[in-house]
Amino acid sequence: MSYVSEVIDMVQKRNPNEPEFHQAVNEVLLCLEPVFKKHPEYIKAGVLERIVEPERMITFRIPWIDDNGKINVNRGFRVQFNSAIGPYKGGLRFHPSVNQSIIKFLGFEQILKNSLTGLPIGGGKGGSDFDPKGKSDMEVMRFCQSFMIELSKYIGADIDIPAGDIGVGQREIGYLFGMYKRLKNSYEGVLTGKGLEFGGSLVRTEATGYGLVYFMDQLLRANGKSFKGSKVIISGSGNVAIYAHQKVTELGGIVIAMSDSNGFIFDSAGIDLNSLKIIKEKERKRIKECIINSSTATYHEKCSNIWDIKCDIALPCATQNEINKDSAKKLIENGCFAIGEGANMPCTIEAVSLFQKKGVLFAPAKAANAGGVAISALEMSQNSIRYSWSFEEVDLRLKNIMINIFNKSSQAAKEYGDEGNIVLGANIAGFIKVADAMMAQGIV
Ligand code: NDP
Ligand code: 2IT
C-alpha cells in the first residue's frame with residue numbers, strides 16, 4: 001500500500017461518519033502521490049499524518065432566546081486546522097446542514113487555498129447549524145452574541161480570524177465584532193468582512209466573485225477562449241454568485257440562469273443585476289421574485305435542474321456537491337466548455353473526473369475562489385497598519401493574486417507531469433508551501 005493510501009485509510013477509520021471530510025482529503029491526497037516520489041523527506045516527517053489532523057477542534061453550545069421568548073440551542077464549531085504558515089483564517093457558515101464533517105472539509109480545503117494566495121494565513125473554519133432564514137434582525141443579533149461569547153475564548157487578531165461564508169455576511173460580522181469588542185475591551189482586526197466604517201476593506205464584498213472571474217479569464221485566455229458573448233450559468237444568488245455575475249457581465253458574458261435552494265430563474269436576455277441586488281441584498285427575498293421586473297425571465301422549481309440548461313460556462317457558486325455525475329454529463333452534452341468552482345467543493349469527485357476526461361476546462365475551488373480570503377488577508381494588513389487602500393488598489397492586488405495562483409497551479413501541474421491539470425497543480429502548489437513550513441518547525 002502506498003503512503004497516500006495508508007493515510008487515506010487511516011483518515012476514514014479514525015473519522016467515521018464524516019463523508020465530506022473524506023471526500024476533501026481523498027481529492028487532495030490522490031493528487032500528491034508524485035510529490036512523495038520527489039520528496040521522500042515529507043514521508044519521514046509524517047507530514048500527511050499531521051496535516052489531516054486538526055490542531056484543535058472546538059465544539060460548543062449556543063443558547064439564545066427567540067422573539068417569542070422561547071429558548072433555542074444550536075451547536076457551534078471552530079476547527080483550527082493548521083497554523084504552519086500563519087494564524088488560523090477562514091469563514092463561519094450558518095446553515096442547518098452544518099456539522100463536524102462539513103466544517104472539517106471546509107477547514108482542510110482552507111489550508112491549501114490560503115497557502116495558494118501567497119499570504120501568511122493558516123487554515124481554519126467554523127459555523128453553526130443555526131438557520132438565519134426567516135429570523136428577525138434581533139434574533140440574528142442575539143444568536144451572534146451568544147455565539148461570540150463562546151468563540152471569543154479561542155480567537156484573536158494574531159490567533160484566529162474568522163470571516164463570512166454561507167449565511168454569514170456583513171450584518172452577522174457586525175454583530176459578532178460588536179460582542180467581541182465588548183467582551184475583550186479590545187479594538188482589533190479579529191474578524192474580516194467588516195463594514196467599511198469599522199475596519200472593513202474595500203473590495204472584500206466583491207472579492208470572491210470577482211476573483212473567480214479573474215481566474216476563469218486567465219484559464220479561458222490560455223485556451224484561446226473568453227467570456228465575451230458566452231452564455232454563463234451561475235448557481236446560487238448569494239455573495240459569491242452576485243459579484244461573479246457583475247464581473248462576468250463586465251467582461252461581456254451573459255448570465256442566463258441563477259438559483260437558490262428552492263429553484264432557479266432563466267432569462268435568455270441576461271439576468272438583470274440591479275434588481276437581483278435589491279431583491280437579494282436589501283430585501284433578503286427569494287430568487288423567484290427576480291422575474292417580476294422582467295418580461296423574458298421564467299422561474300422553475302428544483303435548483304439542481306439549472307444544470308440542464310445549455311450554456312458555455314458554468315460557475316457553481318452555491319454549495320458542496322451541487323454538480324454530480326449526471327449534472328456533469330448534461331453540461332457536457334450541452335456543449336459547456338469551462339467550469340469554475342466559486343463554491344467550496346461544488347463538484348463531486350466523479351463529476352470532476354468526467355470534466356477532465358472530456359477536456360472541459362476546470363478551475364478547482366481552492367484556486368478559483370481564493371480571492372475572498374486573499375482580500376480578507378489584505379483587510380488584516382490594512383487593520384495592522386491602521387490604514388485603508390482605495391478600491392482600485394485592492395482590486396488590482398486581487399487581480400494579481402488570482403493571476404499568480406493561476407500561474408503557480410499551471411506551473412506545478414507541468415512540473416509534476418500533467419500539464420493543464422489545474423486540480424493537480426493547485427493541490428501540489430498549495431501543499432508544498434505548508435509542508436515545507438511544517439518541516440522547518442519540527443514535529444509540532
Ligand atoms: P451566501 O449565504 O451569500 O449564499 C449562498 C447561496 O447558495 C444562496 O443563494 C443559497 O440559497 C445557496 N445555497 C446554500 N446552500 C444550498 C443548498 N444546500 N442547496 C442549494 N443552494 C444552496 O453564501 P456565499 O455566497 O458567501 O457562499 C457560497 C459558496 O461560496 C459557499 O460554498 C461558500 O463556502 C463559498 N465561498 C464563499 C466565500 C465568501 O467570501 N463568501 C469565499 C470562498 C468560497 P438559499 O438562500 O436558498 O439558502
Ligand atoms: O471559503 C472561504 O474562503 C471563505 N469563506 C472566506 C474566508 C475568509 O476568511 O475570508
Side-chain angles (χ1 to χ4, degrees), residues 20 86-98 102-103 105-114 116-117 119 121-127 131-134 160-173 189-194 200-201 203-212 234-245 258-265 276 279-281 284-288 290 302-306 315-323 340-347 365-380:
E20 293 86 0
Y88 311 108
K89 179 87 197 86
L92 297 171
R93 177 178 291 192
F94 292 171
H95 192 271
S97 63
V98 164
I102 288 177
I103 295 300
F105 115 65
L106 290 164
F108 184 70
E109 286 283 293
Q110 201 83 44
I111 304 170
L112 303 185
K113 180 196 304 193
N114 293 2
L116 283 170
T117 65
L119 300 164
I121 38 178
K125 199 85 189 190
D131 186 359
K133 262 192 220 109
D160 182 355
I161 308 91
D165 193 83
I166 292 176
V168 178
Q170 245 187 54
R171 174 182 62 171
E172 290 74 19
I173 294 293
V190 65
L191 291 154
T192 59
K194 299 184 291 296
S201 174
V203 195
R204 178 61 189 90
T205 303
E206 296 84 355
T208 312
Y210 276 22
L212 168 68
I234 301 178
S235 64
S237 46
N239 172 264
V240 180
I242 289 172
Y243 292 93
H245 179 319
M258 291 180 81
S259 60
D260 60 23
S261 57
N262 296 111
F264 65 91
I265 54 168
L276 175 78
I279 287 162
K280 296 305 296 184
E281 292 186 324
R284 296 181 182 275
K285 287 187 179 156
R286 310 302 297 159
I287 192 136
K288 72 171 166 211
C290 294
K302 198 157 187 271
C303 56
S304 60
N305 290 347
I306 194 172
L315 305 176
C317 294
T319 195
Q320 64 275 359
N321 292 328
E322 51 172 316
I323 297 186
E341 293 189 316
N344 285 305
M345 206 168 77
C347 300
K366 63 175 72 66
N369 76 23
V373 76
I375 301 310
S376 275
L378 297 189
E379 182 172 329
M380 291 162 64

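One-based numbering, in listed order, for ligands and for the atoms of each.
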List the atom of [X], the atom of [Y], and the distance in Å for their closest heavy-atom pair.
X      : Y      : value
Ile242 : Leu276 : CG1-CD2, 3.9 Å
Ala163 : Val168 : O-CG1, 4.2 Å
Ile306 : Ser235 : CD1-CA, 4.3 Å

Trace of the side-chain contact (heavy atoms from CB on, under 4.5 Å) decision for Ile103 with Val98: CA-CA 7 Å; Ile103 295 300; Val98 164; 3.8 Å; yes

What protein heavy atom lies closest to [atom]? Include the residue and the distance to one decimal.
atom                    : answer
atom 7 (C) of ligand 2  : Gly91 N, 3.5 Å
atom 6 (C) of ligand 2  : Arg204 NH2, 3.6 Å
atom 10 (O) of ligand 2 : Ser376 OG, 2.6 Å
atom 4 (O) of ligand 1  : Gly238 CA, 3.2 Å
atom 41 (N) of ligand 1 : Asn239 OD1, 3.7 Å
atom 9 (O) of ligand 1  : Ser237 N, 2.9 Å
atom 4 (C) of ligand 2  : Lys125 NZ, 3.7 Å
atom 33 (C) of ligand 1 : Asp165 OD1, 3.3 Å
atom 29 (C) of ligand 1 : Ala318 O, 3.2 Å
atom 17 (C) of ligand 1 : Thr319 CG2, 3.4 Å
atom 25 (O) of ligand 1 : Val240 N, 3.0 Å
atom 46 (O) of ligand 1 : Arg286 NH1, 3.2 Å

For ligand 1, which atoms sit closer than 4.0 Å to a heavy atom of [X]?
X      : result
Gly167 : 2 (O)
Ala343 : 29 (C), 30 (O), 32 (O), 35 (C)
Lys133 : 45 (P), 46 (O), 47 (O), 48 (O)
His95  : 15 (N)
Arg93  : 31 (C), 32 (O), 33 (C), 34 (O)
Gly236 : 9 (O)
Ile166 : 2 (O), 23 (O), 27 (O), 31 (C)

Using the test side chain to side chain contact (heavy atoms under 4.5 Å, CB included), find all partners of Ser304 that sit at least two apart in sequence or belong to another chain.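 With sequence neighbours excluded, Ser304 shows a side chain to side chain contact (heavy atoms under 4.5 Å, CB included) to Lys302, given in chain and number order.
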
Quick one: look at [X] and ligand 1, take heavy-atom pairs under 4.0 Å, and tell me if it's side chain, backbone, both or neither.
X      : value
Thr208 : side chain
Cys317 : backbone
Arg204 : side chain
Gln320 : neither

Under a 4.5 Å cut-off applied to non-hydrogen side-chain atoms, are [X] and [Y] in contact?
X      : Y      : answer
Cys317 : Leu212 : yes
Lys125 : Ile102 : no
Thr319 : Pro346 : no
Leu92  : Asp165 : no
Glu341 : Asn369 : no
Phe264 : Ile287 : no
Thr208 : Tyr243 : no

Is the closest N or O pair between [X] and ligand 1 shorter than 3.5 Å?
X      : value
Lys125 : no
Ser261 : yes
Val168 : no

Ligand 1 contacted by Glu322 (non-hydrogen, < 4.0 Å): no

Does some non-hydrogen atom of Gly342 fall short of 4.0 Å from ligand 1?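 It does, in that a heavy atom of Gly342 comes within the 4.0 Å cut-off of ligand 1.
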
Just to confirm, does any protein heavy atom lie below 4.0 Å from atom 44 (C) of ligand 1? yes

Quick check for you: to the nearest 0.5 Å, what is the distance between Cys303 atom SG and Glu322 atom CD?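 Output value for this atom pair is 8.0 Å.
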
Spatial distance of atom CD1 (Ile166) from atom CG (Asn344) [nearest 0.5 Å]: 8.0 Å

Among Asp131, Leu212, Asn344, which one has a heavy atom closest to atom 36 (N) of ligand 1? Asn344

For [X], counting its heavy atoms only, list the atoms of ligand 2 lying under 4.0 Å from any of them.
X      : value
Ala163 : 8 (C), 9 (O), 10 (O)
Lys89  : 8 (C), 9 (O)
Lys113 : 1 (O), 2 (C), 3 (O)
Gly164 : 4 (C), 5 (N), 6 (C)

Let me know which of Arg284, Arg286, Lys285 forms a side-chain contact (heavy atoms from CB on, under 4.5 Å) with Ile279. Lys285

Heteroatom distance test (Ile161, ligand 2): nitrogen or oxygen, under 3.5 angstrom: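 Checking ligand 2 against Ile161, no N or O pair falls under 3.5 Å apart.
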
Verify side-chain contact (heavy atoms from CB on, under 4.5 Å) between Thr117 and Val373, making sure each step is shown before the conclusion. CA-CA 8 Å; Thr117 65; Val373 76; 3.9 Å; yes

Verify side-chain hydrogen bond (donor to acceptor under 3.5 Å, both in side chains) between Ser376 and Arg204, making sure each step is shown before the conclusion. CA-CA 7 Å; Ser376 275; Arg204 178 61 189 90; 2.9 Å; yes

Side-chain donor-acceptor contact under 3.5 Å, Asn262 with Lys288: no

Give a yes-or-no answer on whether the side chains of Ser201 and Lys194 include a donor-acceptor pair shorter than 3.5 Å. no

With a 4.0 Å heavy-atom cut-off (strictly under), which part of Asn369 contacts ligand 2: side chain, backbone, both or neither?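 It is neither part, as no heavy atom is under 4.0 Å.
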
Using the rule given for side-chain contact (heavy atoms from CB on, under 4.5 Å), can you reason through Gln110 versus Lys89, listing the C-alpha separation, both sets of side-chain angles and the distance that settles it, and then say yes or no? CA-CA 8 Å; Gln110 201 83 44; Lys89 179 87 197 86; 5.8 Å; no

Consider ligand 2: state whether an atom of it lies below 4.0 angstrom from any non-hydrogen atom of Arg93. no

